[in-house]
Protein chains: 2
Amino acid sequence: MQHSEAMALSAALLAAAGGLTQRIHEGVVARGFEGVRPAHGFAFARLARDGATVTDLAVHLGVTKQAASQLVDEMVRKGYAERRPHPGDARARLVVLTERGWACTRAAEEAAAEVVREWGAVLGEGEVGVLRERLLRIAPQGPVRPSW
Amino acid sequence: MQHSEAMALSAALLAAAGGLTQRIHEGVVARGFEGVRPAHGFAFARLARDGATVTDLAVHLGVTKQAASQLVDEMVRKGYAERRPHPGDARARLVVLTERGWACTRAAEEAAAEVVREWGAVLGEGEVGVLRERLLRIAPQGPVRPSW
DNA sequence: ACCATATAGTCAACCTACTTGACTATTCTG
DNA sequence: CAGAATAGTCAAGTAGGTTGACTATATGGT
């Protein structure tokens with residue numbers, strides 16, 4: 001693999017990721033959820049499991065806990081999440097999704113499925129599964145990095 | 001493809017893209033080019049062709065021309081680019097890479113090639129080529145979107 | 001040829017998402 | 001049970017973008 005080919009692959013990967021992000025965002029907005037930005041998606045994904053503390057979220061997003069706290073403020077203000085007392089630790093607070101937060105999560109899933117369905121039409125259904133498997137093997141673990 | 005599978009694919013794609021971005025950035029820094037951020041890569045790629053005006057760059061990056069101008073200011077200040085008079089349009093200025101800018105571009109190519117080489121070791125060389133071809137087919141065209 | 005309009009670029013002010021630093025309240029530990 | 005660590009917040013500063021206003025040059029219709 002030559003350098004220019006590596007750059008072509010890199011550019012394609014970044015373009016595909018950017019396009020997917022935008023398509024999901026547009027789909028979420030089209031389903032009536034305004035004021036939510038792509039970067040929020042990573043927070044929704046973490047909260048959807050069984051809630052998280054602000055510190056959990058900060059580690060997951062790779063930002064400071066102050067930044068995570070502001071993000072939660074915003075999500076609470078817009079009705080997507082709420083702070084509940086943490087069972088078993090009076091210092092912490094458990095941030096969980098509201099019903100609207102769940103609905104927004106489902107909207108994002110639908111939008112993603114729509115895009116992936118289009119990919120299936122282009123590549124073939126089986127190839128999409130292969131693509132997913134390959135990407136999982138080269139994707140690093142650790143905190144997500146919402147911004148470049 | 002079910003919703004959860006679409007989300008798994010989306011997450012893998014975004015994680016792979018984020019990881020690649022970070023690895024390239026680390027490789028560039030390791031080769032002695034400091035003060036350059038991942039978002040600059042898209043500007044380098046556009047300037048590497050045969051230079052560009054600030055407005056060209058703004059369109060390519062999907063930002064305002066004021067933001068593109070600030071980006072060019074920064075690249076000039078750090079020695080990666082320079083503004084030259086535009087042949088044939090006295091309003092415009094042609095932004096081109098300096099020798100240091102070219103060296104940084106080559107460093108990014110090397111870093112990308114290094115990561116892609118690792119992918120080849122994991123997936124097999126042939127599979128990387130297939131991956132590139134698949135990604136090219138699902139990647140949208142149009143301006144890049146450096147930030148989510 | 002000329003004036004109206006469009007385009008390239010910049011300056012200034014502002015906005016947003018993040019940072020660092022300082023602090024309180026609670027929990028863990030030796 | 002005192003000292004250190006942890007969860008969270010408040011406040012101030014920073015970086016990278018935005019919108020709006022402006023100048024200089026180019027383009028096109030009459």
Side-chain angles (χ1 to χ4, degrees), chain A residues 18 21-22 25 29 34-44 46-47 50-78 80-96 143-148, chain B residues 18 21-22 25 29 34-44 46-47 50-78 80-96 143-148:
Chain A
T21 300
Q22 194 193 357
H25 180 245
V29 170
E34 297 185 8
V36 61
R37 287 168 294 117
H40 290 135
F42 298 98
F44 274 93
R46 181 64 186 82
L47 297 179
D50 52 356
T53 66
V54 165
T55 299
D56 288 339
L57 212 47
V59 170
H60 183 245
L61 298 177
V63 298
T64 62
K65 55 187 182 177
Q66 293 93 325
S69 187
Q70 287 180 199
L71 187 71
V72 171
D73 283 344
E74 189 185 350
M75 291 176 69
V76 168
R77 188 166 6 96
K78 291 178 177 166
Y80 295 113
E82 62 183 4
R83 288 184 165 95
R84 308 194 54 183
H86 192 290
D89 190 341
R91 296 171 301 177
R93 311 176 68 174
L94 192 63
V95 181
V96 297
V144 290
R145 310 179 186 287
S147 58
W148 303 342
Chain B
T21 300
Q22 194 193 356
H25 180 245
V29 170
E34 297 186 6
V36 60
R37 286 168 293 116
H40 290 135
F42 298 98
F44 275 94
R46 180 65 185 80
L47 296 180
D50 52 357
T53 66
V54 165
T55 299
D56 289 339
L57 212 47
V59 170
H60 183 245
L61 298 176
V63 298
T64 61
K65 56 186 181 177
Q66 293 93 324
S69 187
Q70 286 180 197
L71 188 71
V72 171
D73 283 344
E74 187 185 350
M75 290 176 70
V76 168
R77 187 167 6 97
K78 290 177 177 168
Y80 295 114
E82 62 183 4
R83 288 183 164 94
R84 307 193 56 185
H86 192 290
D89 191 340
R91 295 171 302 177
R93 312 176 66 174
L94 193 62
V95 182
V96 297
V144 290
R145 310 180 185 286
S147 57
W148 303 343

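For clarity, every value in this text was computed on a predicted model and none was experimentally measured. Below, chain A is the first sequence line, B the second, and so on; all start at residue 1.
- Going from atom NZ of B/K65 over to atom P of D/dT19 covers 12 Å, rounded to whole Å.
- At least one side-chain heavy atom of B/V76 sits under 4.5 Å from a side-chain heavy atom of B/R83.
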_With side-chain contact (heavy atoms from CB on, under 4.5 Å) as the criterion, how do A/E82 and A/R84 come out once you've worked through the C-alpha distance, each side chain's angles and the decisive distance to 0.1 Å?_
CA-CA 6 Å; A/E82 62 183 4; A/R84 308 194 54 183; 4.0 Å; yes

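- For A/Q66 against C/dG21, a side-chain N or O and a base N or O form a donor-acceptor pair under 3.5 Å.
- Between A/L61 and A/L71 the shortest heavy-atom distance is CD1-CD2, 3.7 Å.
- When heavy atoms are screened at a 4.0 angstrom cut-off, B/A67 is found touching base atoms of the nucleic acid.
- One finds a side-chain N or O of B/T64 lying less than 4.0 angstrom from the OP1 or OP2 phosphate oxygen of D/dT18.
- Look at CG on A/D56: it is 12 Å from C1' on D/dT6, rounded to the nearest Å.
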*Under the side-chain contact (heavy atoms from CB on, under 4.5 Å) rule, what do A/V96 and A/L47 come out as? Steps first, then yes or no, please.*
CA-CA 6 Å; A/V96 297; A/L47 297 179; over 6 Å; no

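- Each of A/Q70 and A/A92 was matched to the nucleotide of DNA chain D holding its nearest heavy atom; the match closer to the 5' end belongs to A/A92.
- OP1 or OP2 of D/dT6 has not a single side-chain nitrogen or oxygen of A/R93 nearer than 4.0 Å.
- In this structure, B/L57 atom CG and C/dA8 atom P are separated by 13 Å, rounded to whole Å.
- Rounded to whole Å, the distance from CG on B/L71 to P on D/dT18 is 11 Å.
- Distance A/D73 CG to C/dT16 C1': 14 Å, rounded to the nearest Å.
- In this structure, A/P38 and A/T21 approach most closely via the heavy-atom pair CB-CG2, 3.6 Å.
- Not one side-chain nitrogen or oxygen of A/T55 sits closer than 4.0 Å to the OP1 or OP2 atom of D/dT6.
- If you take CG of A/L61 and C1' of C/dT19, they are 15 Å apart, rounded to a whole angstrom.
- The phosphate of D/dT9 (OP1 or OP2) has no side-chain N or O of A/R91 nearer than 4.0 angstrom.
- Residue A/T53 places no side-chain N or O under 4.0 Å from the OP1 or OP2 atom of D/dA7.
- Picking from D/dA26, C/dT27, D/dT9 the nucleotide with the shortest atom distance to the side chain of B/D89 gives D/dA26.
- Between B/R37 atom CZ and D/dA15 atom C1' the separation is 8 Å, expressed in whole Å.
- In this structure, the NE2 atom of B/H86 is 16 Å from the C1' atom of D/dA24, given to the nearest Å.
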